[in-house]
Visitor: 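Before anything else, here's the structure in question.
What's counted below: heavy atoms across the whole structure, side chains too, no hydrogens, waters or symmetry copies.
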Amino acid sequence: MTAVESRPAGSLSTQSTSHRPFGARAKAFLALTKPRVIELLLMTTVPVMFLAAEGVPDLWLVLATCVGGFMSAGGAGAFNMYIDRDIDALMDRTSQRPLVTGMVSPRECLVFAYTLAVVSTVWLWALVNPLSSMLALGALLFYVLVYTMLLKRRTAQNIVWGGIAGCMPVFVGWSAVTNSVSWAGVVLFLVIFFWTPPHYWPLSMKVKDDYERVGVPMLPVVAGNKVVARQIVVYSWVMVAVSLALWPLGYTGWFYPAVAVLLGAFWLKEAHALQSRAKSGVTGAKLKEMRLFHWSITYVSLLFVAVAVDPFLR
């Protein structure tokens with residue numbers, strides 16, 4: 001995710017095939033799939049399957065859904081790196097990605113991306129169900145065509161609407177079990193939708209010089225820290241409120257809402273603390289914007305663990 005060598009950003013490597021060992025090449029192709037992002041996507045897929053099944057779902061179905069979801073999201077990540085290879089070469093945070101270093105050629109990346117997209121769609125259609133397959137394909141197309149190609153370089157709201165792709169695994173997980181979409185899926189979809197901006201904007205605050213250098217109008221690039229922090233707080237309150245809707249709708253027992261309240265309270269504490277520091281004019285390391293970014297990953301992981309555990313405690 002970040003640069004690990006002192007090599008200056010700014011140009012694509014033309015490393016020859018003979019200097020690309022097999023092990024390094026395998027790691028490079030894996031890196032094209034953005035595995036750390038996929039971890040989060042699967043973290044929202046599997047617990048929803050437990051909720052939909054009201055217990056333990058068919059484990060072979062879980063495996064098939066995860067494999068198909070990994071390939072679909074991986075294909076989206078590879079397309080993203082192919083399209084963004086020009087700006088990745090200029091950003092410190094992305095200067096070690098495979099296309100920038102030359103470990104994978106643009107043509108290889110494109111073939112890899114198309115292969116994952118096609119195989120994942122067929123896999124999910126055949127081994128899960130057509131609805132899950134189409135939802136996953138829709139997420140891939142939205143991420144590539146709408147977020148990466150249309151929104152990312154044109155609007156400060158890119159991550160808000162582009163985050164829709166990251167919400168889709170909730171629907172994929174639910175539909176894998178029920179072959180349908182329910183209000184529970186809608187609620188959890190909205191949780192991720194409102195979680196994404198306050199999750200990503202703190203990171204954008206940290207690396208806004210990177211985005212500014214390549215002309216990508218992330219919100220922290222076009223607005224001051226006070227404005228960004230205020231937006232983070234607004235989205236955080238809506239996210240926490242939406243997360244509690246599963247209980248009155250009758251989809252959970254007592255355990256999930258109890259966990260959601262505790263996690264949400266700590267999130268709001270961190271969000272308001274960031275806003276307070278921003279209002280005071282704090283900048284640099286003292287702003288501590290990454291505290292909320294790291295907590296956001298813990299938050300969504302624990303919240304969806306609660307989604308999976310709740311059916312066993314009713």
Side-chain angles (χ1 to χ4, degrees), residues 1-4 9 11-15 17 20-45 64-91 93-125 128 132-153 158-159 161-169 172 196 200 203 210-211 214 216:
M1 294 294 286
T2 57
V4 294
S11 61
L12 294 169
S13 174
T14 57
Q15 189 175 156
T17 305
R20 296 183 292 179
F22 176 80
R25 291 261 289 160
K27 290 181 181 179
F29 276 100
L30 178 61
L32 289 176
T33 67
K34 297 188 176 181
R36 292 179 65 182
V37 174
I38 293 177
E39 287 177 14
L40 285 176
L41 297 180
L42 295 181
M43 177 55 72
T44 61
T45 303
T65 304
C66 287
V67 171
F70 182 95
M71 289 190 293
S72 182
F79 277 120
N80 174 267
M81 287 199 192
Y82 175 82
I83 295 166
D84 280 350
R85 64 192 187 280
D86 58 334
I87 60 175
D88 283 348
L90 301 173
M91 297 172 63
R93 190 174 71 91
T94 56
S95 64
Q96 295 302 306
R97 284 182 170 174
L99 289 179
V100 180
T101 63
M103 191 59 66
V104 176
S105 73
R107 182 177 181 278
E108 289 171 331
C109 177
L110 197 57
V111 170
F112 182 64
Y114 273 114
T115 300
L116 287 179
V118 171
V119 172
S120 65
T121 302
V122 174
W123 175 282
L124 289 169
W125 186 288
V128 181
S132 296
S133 176
M134 290 298 98
L135 288 169
L137 178 61
L140 184 153
L141 293 174
F142 191 92
Y143 183 74
V144 175
L145 300 179
V146 179
Y147 171 66
T148 305
M149 297 183 69
L150 180 63
L151 297 176
K152 183 173 181 178
R153 307 193 195 196
N158 47 21
I159 201 65
W161 300 108
I164 289 174
C167 306
M168 294 300 287
V172 173
T196 302
Y200 198 80
L203 175 62
D210 259 357
Y211 286 119
V214 297
V216 174

Visitor: Would you list the atom pairs, donor with acceptor, under 3.5 Å between side chains in residues 136-145 and any protein atom, with sequence neighbours excluded?
Guide:
{"residue": "Tyr143", "atom": "OH", "partner": "Lys34", "partner atom": "NZ", "Å": "3.2"}

Visitor: At their closest point, which heavy atom of Thr44 faces which heavy atom of Leu41, and how far apart are they?
Guide: OG1-O, 2.8 Å
Visitor: Assess whether a salt bridge exists between Asp84 and Arg97, defined as any Lys/Arg side-chain N lying under 4.0 Å from an Asp/Glu carboxylate O.
Guide: no
Visitor: For Asp210, give me all partners under side-chain hydrogen bond (donor to acceptor under 3.5 Å, both in side chains), at least two apart in sequence or on another chain.
Guide: Arg213
Visitor: Quick check for you: to the nearest 0.5 Å, what is the distance between Ser132 atom OG and Leu124 atom CG?
Guide: 7.0 Å
Visitor: Mind checking the CZ-CG spacing from Phe70 to Leu116? Nearest 0.5 Å is all I need.
Guide: 8.0 Å
Visitor: What pairs with Thr33 under side-chain hydrogen bond (donor to acceptor under 3.5 Å, both in side chains), at least two apart in sequence or on another chain?
Guide: none
Visitor: Considering all heavy atoms of both residues, which atom of Pro98 and which atom of Ala28 are nearest to each other, and what is their separation?
Guide: CG-O, 3.3 Å
Visitor: Could you grab the distance from atom CG of Leu90 to atom CD1 of Ile87, nearest 0.5 Å is fine?
Guide: 8.5 Å
Visitor: Roughly how far, to the nearest 0.5 Å, is the CG atom of Asn80 from the CE atom of Met149?
Guide: 11.5 Å
Visitor: Between Thr115 and Phe112, is any pair of side-chain heavy atoms under 4.5 Å apart?
Guide: no
Visitor: Can you find a heavy atom in the side chain of Arg85 that is under 4.5 Å from one in the side chain of Val100?
Guide: no
Visitor: Has the side chain of Thr121 got a donor or acceptor atom that lies under 3.5 Å from a matching backbone atom of Ser133?
Guide: no
Visitor: Please assess Trp125 against Met134 for the test side-chain contact (heavy atoms from CB on, under 4.5 Å), listing each intermediate value before the final yes or no.
Guide: CA-CA 8 Å; Trp125 186 288; Met134 290 298 98; 3.9 Å; yes
Visitor: If every non-hydrogen atom of Lys152 is compared with every non-hydrogen atom of Val216, which pair is closest and at what distance?
Guide: O-CG1, 3.4 Å
Visitor: Do the numbers put Arg25 on top of the ring of Phe29, so that NZ or CZ is under 6.0 Å from the six-membered ring centre and no more than 45° off the axis?
Guide: no
Visitor: Quick one: pull up CD1 in Ile159 and OH in Tyr200 and give me the separation to the nearest 0.5 Å.
Guide: 6.0 Å
Visitor: Tell me the closest heavy-atom pair linking Val146 and Leu150, and the distance in Å.
Guide: O-CB, 3.1 Å
Visitor: For residues Val104 and Leu32, determine if any side-chain heavy atom of one lies less than 4.5 Å from a side-chain heavy atom of the other.
Guide: yes
Visitor: Work out which heavy atom in Ala78 is nearest to a heavy atom in Ala113; give both atom names and the distance.
Guide: CB-CB, 3.6 Å
Visitor: To the nearest 0.5 Å, what is the distance between SG (Cys66) and CD1 (Ile38)?
Guide: 11.0 Å
